[in-house]
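Heads up, the thing below is written out as structure tokens.
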Amino acid sequence: MIKMGKNIVQKILDSHIVEGNPVPGQQVGIRIDQTLTQDATGTMAYLQFEALGFDKVKTDLSVSYVDHNTIQDGFENADDHKYLETVAAKYGIKFSKPGNGICHQVHLERFGVPGKTLLGSDSHTPTGGGIGMIAIGAGGLDVAVAMGGGPFFITYPRVIKVELTGSLQPWVSAKDIILKVLEILSTKGNVGAVVEYGGPGVKTLTVPERATITNMGAELGVTTSVFPSDEITLEFLKAQKREQCFTAIQADQDAQYDRVITIDLSTLDPRAACPHSPGNVKTLREIGPLTVDQVLIGSCTNASYRDIMLVASALKGKKIAPHVSLGITCGSRQVLEMVSRNGALADIISSGARILESACGFCIGNSLAPKTNAVSVRTSNRNFFGRSGTNSAEVYLTSPEAAVAAALSGKICDPRDLFSKDSYPSIKIPSEFLIDDSMIIEPSKDSSKVQIVRGPNIGDPPSNEPCPQKLSAVVAIKVGDKITTDHIMPAGSRLKYRSNIPKYAEFVFEREAPQFAAQALANRNKGIHNVIVAGESYGQGSSREHAAICPMYLGVKMVVAKSMERIHRANLINFGIIPAILSNPQDYDALNHNDELVIDNLRDQLSGGSELIMTNKTKGNSISLKVELTDRERAMILAGGLINSTKMQR
Ligand code: MIC
Ligand code: SF4
């Protein structure tokens, strides 16, 4: 038998499989080496870690970051921070304090290791793919299980190779590469795939540039994206004084791929993702010139040392357009301290920019909401409707190059139309980054001495009852295609309730149907089950498991959709909500808000196979649903979620 070579994805995954076989489309359980959490999903992850009864983390490394909720306009955020700090100290987890930076960037700088697996309770965890990790986003409960040493289950992926040739022209950057990939692959239909980058163009990109690409790869809906680990990776690790972590990882010459896409970097034009989807990509020359009101540079996509230095060099000695508000966030304290010591921060300040804390900030919509009908240019990765905090605002996602051009000229324009080729700043990775890990707190050596602090904002994780034998439900809401978890569970000003499920649940589908939560709760209290009906790609975007927990709390038992995204589907199952797919997509049209639905023998039907027959009593017809579950998933659904099924096994 001829042995075929392996691609990078296969190399890393195969060395981590603990259950199942490496066959595309089949479920495998993989060992997780590292985990990360952030505060907005972290409190629930650690409450569940406690509920599962583990006494220590069993990973090589687990880090808890605070970067999302740092506004502290009340006691809630600070309560969460203290809980996270003390729970980390007790269970063997490093704690990165607020102000130390955005989880993905700090993790890349200080902890990422080529060839290892990383599971994070944030959908942009694939940022770690920039340093050659298989880094995957998941719900907090899955991360809790992985911290306890349990495997993480994924569909063994199809691998799409993106072959990069040539090199980028001045003023065109890594962001334009991922925007091009989004243009080709779009934000839907990529579930179960991983993107692997290769080809000679890879050598022209530094680790932070690669990380921009794998970070925003999350918007494709793929499981993750990964780059090789090579001499450029080594150079980055050396500059972070972590060269001992280096391993070279390359695809074999004869590696196989399910699809190959080639992008010639030298022909790429600067682009933007236009409102309201990261997949709505156009070149800047197609869009502009368009007057802008706000420019925000930062987020886990584009706030590395290279990005901020580039922006500072372009701003040096100039003033931004008077009608523009420019905000700049460094991705980590390392970057902020370096640019303040080398004087670049002074150039930024003098241009008229506002300096923001090293945190998610504007990206999660908890600050700097733009004015009514604003045009806002941002270097972040998501421009979903309303995420900025202003529903009427139009958000364009671009590179730092294009953002700084917009701030100076006051218009969206191709930066090559504003700056000359020769003026393109050449920013190199420094030979030594400034290393100071003093804002990362080590866990306690004696956990028995640690008291976990639970302020009034820390609730209990809600429980669910086992799946009923008969579903007697109503269609509590009917939504369209590409509904994101931001639509289901808004973040922004509501974020501070993440640790308090009954309160946060009041805002489910707040923007789609303000009455939804109250009605669903009233149904639940009358013993009527709730069903959500949706179109294609339900649950895109953020990994927030609150988009499953809060509906569960409101008595939602099933989501019926044309198709569903990976992380959200897993979260629904973890909380005992049935993820049902319409066998005939056209049945969607005949389902309406308030229709009465019944499934007799629900438990028996779920146990017996993958088809459910549901009666629509209002319309007097039957609808066939596909519920394809592995044995493990079926046990969770029947038990009413993962916590219940784990307790039953003990
Ligand atoms: C996001 O970018 O949407 C978030 C906020 O980082 C989320 C996590 C969350 O909702 O807490 C994510 O990407 O998973
Ligand atoms: Fe934070 Fe934005 Fe990155 Fe999410 S996408 S982790 S909110 S910076």
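All heavy atoms count here, side chains included; hydrogens, waters and symmetry mates do not. First listed ligand is number 1; within each ligand, the first listed atom is number 1. Note that the structure is predicted; figures quoted are calculated from it, not measured.
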Under 4.5 Å between any side-chain heavy atoms of [X] and [Y], yes or no?
{"X": "L47", "Y": "D460", "answer": "no"}
{"X": "F95", "Y": "I93", "answer": "no"}
{"X": "H546", "Y": "L495", "answer": "no"}

**Prompt:** Taking atom types as modelled, is there a side-chain donor on S121 or T41 under 3.5 Å from an acceptor on the other?
**Reply:** yes
Which residue supplies the protein heavy atom nearest to [atom], what is that atom called, and how far is it?
{"atom": "atom 13 (O) of ligand 1", "result": "S123 OG, 2.5 Å"}
{"atom": "atom 11 (O) of ligand 1", "result": "R498 NH1, 2.8 Å"}
{"atom": "atom 7 (C) of ligand 1", "result": "S542 OG, 3.1 Å"}
{"atom": "atom 1 (Fe) of ligand 2", "result": "C360 SG, 2.3 Å"}
{"atom": "atom 2 (Fe) of ligand 2", "result": "C363 SG, 2.3 Å"}
{"atom": "atom 8 (C) of ligand 1", "result": "Q38 NE2, 3.1 Å"}
{"atom": "atom 10 (O) of ligand 1", "result": "R544 NE, 2.7 Å"}

**Fill in**
Logged contact type for D122 with ligand 1, heavy-atom cut-off 4.0 Å, is both
**Prompt:** Which one holds for R387 and ligand 1: side chain close, backbone close, both close, or neither close, with close meaning a heavy atom under 4.0 Å?
**Reply:** side chain
**Asked** ligand 1 and S121, any nitrogen or oxygen pair closer than 3.5 angstrom?
**Response** no
**Message:** For the 3.5 Å polar cut-off, considering only N or O atoms, please tell me whether D486 and ligand 1 meet it.
**Reply:**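 Between D486 and ligand 1, no N or O pair is found under 3.5 Å apart.
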**Request:** Spell out, as yes or no, whether a donor-acceptor pair under 3.5 Å connects the side chain of S399 to the backbone of D176.
**Result:** no
**Asked** Hey, is the main chain of L368 close enough, under 3.5 Å, to the side chain of Q294 for a donor-acceptor pair?
**Response** yes
How does [X] reach ligand 2, if at all, at less than 4.0 Å between non-hydrogen atoms: by side chain, backbone, both, or neither?
{"X": "N381", "value": "side chain"}
{"X": "H68", "value": "side chain"}
{"X": "D122", "value": "side chain"}
{"X": "H104", "value": "side chain"}

**Asked** Can you tell which of A40, G361, S543, C300 gets a heavy atom nearest to atom 8 (S) of ligand 2?
**Response**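 Ranked by closest heavy atom to atom 8 (S) of ligand 2, first place is C300.
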**Item:** Distance filter under 4.0 Å to I364 heavy atoms, resulting ligand 2 atoms
**Value:**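 Checking each atom against I364, I get 7 (S).
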Report, in ascending order of atom number, the atoms of ligand 1 lying under 4.0 Å from any heavy atom of [X].
{"X": "H68", "result": "4 (C), 5 (C), 6 (O)"}
{"X": "S543", "result": "12 (C), 14 (O)"}
{"X": "T41", "result": "9 (C), 11 (O)"}
{"X": "A40", "result": "11 (O)"}

**Prompt:** Would the number of heavy atoms belonging to other residues, nucleotides or ligands and lying under 6.0 Å from CZ of R511 be above 12?
**Reply:** yes
**Request:** Evaluate the ring planes of Y46 and F49, with Trp represented by its six-membered ring, and classify them as parallel (under 30°), tilted (30 to 60°) or perpendicular (over 60°).
**Result:**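 Correct class here is perpendicular.
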**Request:** Only one of R271, R306, K175 passes salt bridge (Lys or Arg N to Asp or Glu O under 4.0 Å) with E401; say which it is.
**Result:**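 Testing each of R271, R306, K175 against E401, the sole residue satisfying salt bridge (Lys or Arg N to Asp or Glu O under 4.0 Å) is R306.
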**Request:** Would you please indicate if the ring centroids of H568 and Y538 are separated by under 6.0 Å?
**Result:**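 Yes, they do, as the ring centres are separated by less than 6.0 Å.
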**Request:** Answer yes or no for H546: is there a heavy-atom contact with ligand 1 below 4.0 Å?
**Result:** no
**Message:** If we check side chain to side chain contact (heavy atoms under 4.5 Å, CB included) with N574, which of these qualifies: V145, D142, I643?
**Reply:**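 Looking at V145, D142, I643, the match for N574 under the side chain to side chain contact (heavy atoms under 4.5 Å, CB included) is D142.
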**Message:** Using the side chain to side chain contact (heavy atoms under 4.5 Å, CB included) definition, which of the options V66, I458, D39 pairs with D80?
**Reply:**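 With D80 as partner, side chain to side chain contact (heavy atoms under 4.5 Å, CB included) holds for just one option, I458.
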**Asked** Atom CG of N215 and atom NE2 of H104: how far apart are they, to the nearest 0.5 Å?
**Response** 6.5 Å
